[in-house]
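Worksheet for the structure shown next.
Below, all heavy atoms of this structure are taken into account, side chains as well, without hydrogens, waters or symmetry copies. Each chain gets a letter, A, B and so on, in the order the sequences are listed, and its residues count up from 1.
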Amino acid sequence: MTLRLHNSLTGTKDVFEPLEDSHVRMYTCGPTVWNFAHIGNLRAFLFYDLLRRHLQVAGYRVTHVMNITDIDDRILDQAMHAGTTIAEYTKPYAEAFFEDMKMLRVRPAEHYPRATEHIQEMIRMISTLLERGNAYVADGDVYFRIASFPHYGELSHLDREGLRAGARVAADKYDKESVSDFALWKKAQPGDEKIGAAWDAPFGKGRPGWHIECSAMSKRYLGDTLDIHAGGVDLMFPHHENEIAQSEAANQRQLSRFWLHSEHLADATGEKMSKSAGGFTTLRDLIAAGHDPLAIRLFLIANAHYRSRLRLSEESLHAAGEQVRRLQDFARRLKLPVAPKDGGRLAERVAEVRHAYREALDDDLNLPQGLGHVFELLREANAALDSGEVGEAAARELLLLMADVDAHADVSAAQDTTLAAEVEQLIAQREAARKARDFAAADRIRDELRDRGIALEDSKEGVRWRRVAKV
RNA sequence: GGCGACGUAGCCAAGUGGUAAGGCAGAGGUCUGCAAAACCUCCAUCCCCAGUUCGAUUCUGGGCGUCGCCUCCA
């Protein structure tokens, strides 16, 4: 089993091996907590989760660091308007982020460093860059001197000429040597201190630029060279390019061996969802609209490969919801008593599918393909269950397969097993009515439960129920 | 203008130089008191044109279309 990952640095799928045996150090760009995360943001975070989970499946210990950006221009503006401090302003959004992660069953990272708690590390790195001549002070701001870093642009494959042609005119506001030089430190403006957004530094009171936090915090928690750095495609330039320039100029070491980028989520019109363009959807919106968080989870990680654009639609969310239901129903069937012995060669087939599933995931995390194999087998296995041909050996293999799937998808584990006593009573009443062949009464009870969001299914093994969307 | 990606059934989507996984939706059927679930059957020649090849959806070139990045951005 060889894990291959698409590396933006080389533009190809490369065999992944960590620097340190069996231990992966991974840094992923987290949320800027100036607002609720929209589900395009969440797609990226779920991509990190898929990556992390698969690295663990592949046998690695993972140290995952995900930053919380709690200072940037938008936060400053908002806090200023709200008449509060940036710490107070960002608090509820940071909390909402963790709630979202929990609802979507994202496995927590080892560290969630916040930018405002690592100002000293940033100041140290900026000082190093100044000493080395990679940075300069201009009117209280500190800029990175791109001319001092010949490799600039190699990740995003943008050359200096292209940058110059595309650069917006910023010279009116800043006193930079070159228009593409970027800020490491921004001089404090009136009012910044009052909202808790100004820090003392050898080069003057101010606040960090956007990019330096990732360089400083990844070094602090993971060292000079990471195995993997991941983010959304829109971060490739300038953010990741700038991180590379800062870190490699300061540390004289490669920042990351693998760079992974996830594609955008598009809205219903097919265009990238973005906060500034207005009209974005949050997890809360989708849940309020009746979507199961697990359906949203599966949609985001499995409806399309992570490097393909994904379009948000009711239909796709519904399809994902049906897939979740099928996986859950199947997992539940497996818990029932099995047949005395196996018929056919199902156990072998399951072993084949387990292998194919693993290979798909090893091939740059191709979960959509892996699940394709699984659903194909699900049909065969359900048929075998229907005809009582699933014995212990096949059932054992099937449970292993479902565990394989849950290692990534994590949607099939039965949830919500407690029923209110009243509902249990209604089910019992209906059973009594059915025995007495009073089907009118039985159907009345079933309809009533359906209205309350509980669907009943009569099977050979007894009555099953599950939660469904209320009508 | 520069760089790049994509275009597969009603919708979503995987994929390969040798006649297209899977899911949703739809139609018919088995089972069921009825339903639901499950299962069975049906439903595509892969944007267009040219080229390479014994053979291309898969490679090359051109065209059309959609989208992304070019310092707010997951």
Could you tell me whether [X] contacts a base, only the sugar-phosphate backbone, or nothing, with contacts defined as non-hydrogen atoms closer than 4.0 Å?
| X | answer |
| --- | --- |
| A/Leu378 | sugar-phosphate |
| A/Gly372 | base |
| A/Glu271 | sugar-phosphate |
| A/Phe439 | base |
| A/Arg444 | nothing |
| A/Ser459 | nothing |
| A/Leu456 | base |
| A/Leu385 | nothing |
| A/His239 | nothing |

Subject >> By side-chain contact (heavy atoms from CB on, under 4.5 Å) - contacts of A/Glu154 (at least two apart) >> reply: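 For A/Glu154, the residues satisfying side-chain contact (heavy atoms from CB on, under 4.5 Å) (neighbours in sequence not counted) are A/His151.
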If the cut-off is 4.0 Å, is [X] near the phosphate of [N], judged by side-chain N/O to OP1 or OP2?
| X | N | answer |
| --- | --- | --- |
| A/Ser308 | B/A14 | yes |
| A/Arg326 | B/C39 | yes |
| A/His318 | B/A25 | yes |
| A/Asn303 | B/A13 | no |
| A/Arg325 | B/A36 | no |
| A/Trp465 | B/A37 | no |
| A/Asn366 | B/G15 | yes |

Donor-acceptor pair present, [X] side chain and [N] base, under 3.5 Å:
| X | N | value |
| --- | --- | --- |
| A/Arg309 | B/G68 | no |
| A/Asp443 | B/G33 | yes |
| A/Asn41 | B/C73 | no |
| A/Lys272 | B/C67 | no |
| A/Arg446 | B/A35 | yes |

**OP:** Let me know which of A/Asp72, A/Asp77, A/Asp70 forms a salt bridge (Lys or Arg N to Asp or Glu O under 4.0 Å) with A/Arg74.
**Re:** A/Asp72
**OP:** Please check if the side chain of A/Asn7 supplies one atom and the backbone of A/Trp259 the other of a donor-acceptor pair under 3.5 Å.
**Re:** yes
Subject >> Toward the 5' end of RNA chain B, by each residue's nearest nucleotide, A/Ala302 or A/Glu263 >> reply: A/Ala302
Original post:
Quick one: does A/Val353's side chain get under 4.5 Å of A/Val350's, heavy atoms only?
Top reply: no
Original post:
Would A/Tyr221 and A/Tyr27 count as a close aromatic pair, with their ring centres under 6.0 Å?
Top reply: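 Here the rings of A/Tyr27 and A/Tyr221 have centres that are no less than 6.0 Å from each other.
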**OP:** Would you please indicate yes or no on a ring centroid separation below 6.0 angstrom for A/His261 and A/Phe47?
**Re:** no
Subject >> B/C49 and B/U57, which share atom name P, separated by this distance in whole Å >> reply: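 Pairwise P distance, B/U57 against B/C49, rounds to 11 Å.
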